[in-house]
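Read the structure below first, then the notes.
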Amino acid sequence: MRSTRFRPIVLLVAILFVFGLTLTACQPAAVQEPEPTAEVVEPEVAEPEVTEEPEEAPALTGTVGVVLPTREEPRWIQDETRFRDRFEELGVEVEILFSQGDSSRELANVQDLITRGVEVIIITPHDATAAAAAAQAARDAGVKVISYDRLIRETDAVDYYVTFDSIAVGAAQAQYLVDNAEGTGNPLYLYAGAASDNNAFLFFEGAWNVLQPKIADGTFYIVNSSQAEALQDKAELTREEMAQILGQITTEWDFNTAKNLAESNLTAAGAEDKGDVFILAPNDGTARAIADAFGADADITNYVVSGQDAEVASVQYIIDGKQSMTVLKDVRTLVSDAIDAAVAFLNGETPSATTTYNNGVIDVPASPSEVITVDQDNVVEAIIDSGYWPADEFTGLE
Ligand code: BGC
């Protein structure tokens, strides 16, 4: 019944439609073409535009991925936590993967993020040079690469470098030793990070700039590195020369390696190399391990030891007088710098840069952040009052 009743209307519509088409077909082509295009495109573009605007913040969702080197060091757990806090504040989900000190896992992490459709990857390489393959994979997929804290080397597939001023970190560590040394002939023990980490070179370079003149003037003498001794008259070292020294004094950023090396250095050292000593330790984890080894040696009467990262355990060591100083690298700053850079890339812009770092192939733009020396004198102000760590993490605070 229904279909019969509506048949004339359907017919009429059909006739009008054909008539309309014929009329349209009769119009000049130049007029006809833009009209339907404009008619069809306008509403389609208008719709997503309206929905896109309120989605601008969530548009970051799933588009940024973070790859950190290892869960085995408190430093990177700090970064993870502070990344999560910041992304949560922004109402944005983020995928954070750990490479666990394994470059092939790092590559797999990057490939995983690419498959999930991220547009920017923030990555701290485990091994600077091995990570070039991961960076290249991202570049090939059109994904922007932000090198985070550590520089990826030997590739042009790095778009930006978010970092602290690592030369300044090494200089601050060394300056602390210099400021606490009196007279001449002070025994100096040198330790460094992993040679696979570009930062280990920057920290050492910064420290050498400060220590070398003080070795030359007799304030210190080097106890535990014949390579450093052989080069002690050179104010500036080449990367190869630094690599030779690092080969003797590396901790591989590993607490046990640091402890074993310190113990074997102490076993080899003579009584005259003990007493009051000065120790360049590259970061907090290794500083605690080295400090424990020196503290256990009955012939060490006093040691001054450096560190970096303001890890909770090392801040406690500083309060307790077991570690002399740390260099606070405010990870909150680094995290927000990285997110700002990612947002710039997502918006098709270029993050601002104040300098560049050569990675062996290109000069990577960067805007390094400042660092702060922390010891017993300013620990409350720099760590607690600044809100970096809550007071209840520590004992023995006044
Ligand atoms: C970082 C340090 C860290 C070290 C060991 C370096 O690249 O800059 O903050 O302590 O790696 O993970």
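Both counts, for ligands and for their atoms, begin at 1 and track the order of listing. Predicted, not measured: the structure shown is a model, and the values here were computed from it.
Residues R288 and D292 are not paired through a salt bridge, judged by the lack of any N-O separation under 4.0 Å between the basic side chain and the carboxylate.
Annotation: ring-ring contact (aromatic ring centres under 6.0 Å, His included) contacts involving residues 129-179, sequence neighbours excluded, comprise F83-Y148, Y161-Y357. For residues 108-134, no residue pair satisfies the ring-ring contact (aromatic ring centres under 6.0 Å, His included) rule, not counting sequence neighbours.
Judged by distance alone, the side chains of S103 and D127 never bring a donor and an acceptor atom under 3.5 Å apart.
Protein residues lining ligand 1, listed by chain and number: E73, R75, W76, D149, R150, D197, N199, F203, W253, N283, Q308, D309, K329 [non-hydrogen atoms, distance under 4.0 Å].
Going from atom CD of Q212 over to atom CG of L231 covers 10.0 Å, rounded to the nearest 0.5 Å.
Grouped with L266 in one hydrophobic cluster are Y189, Y191, Y221, V223, L261, V277, I279, I290, F294, I300, Y303, V305, the linkage being side-chain heavy-atom contacts under 4.5 Å among Ile, Leu, Val, Met, Phe, Trp and Tyr residues.
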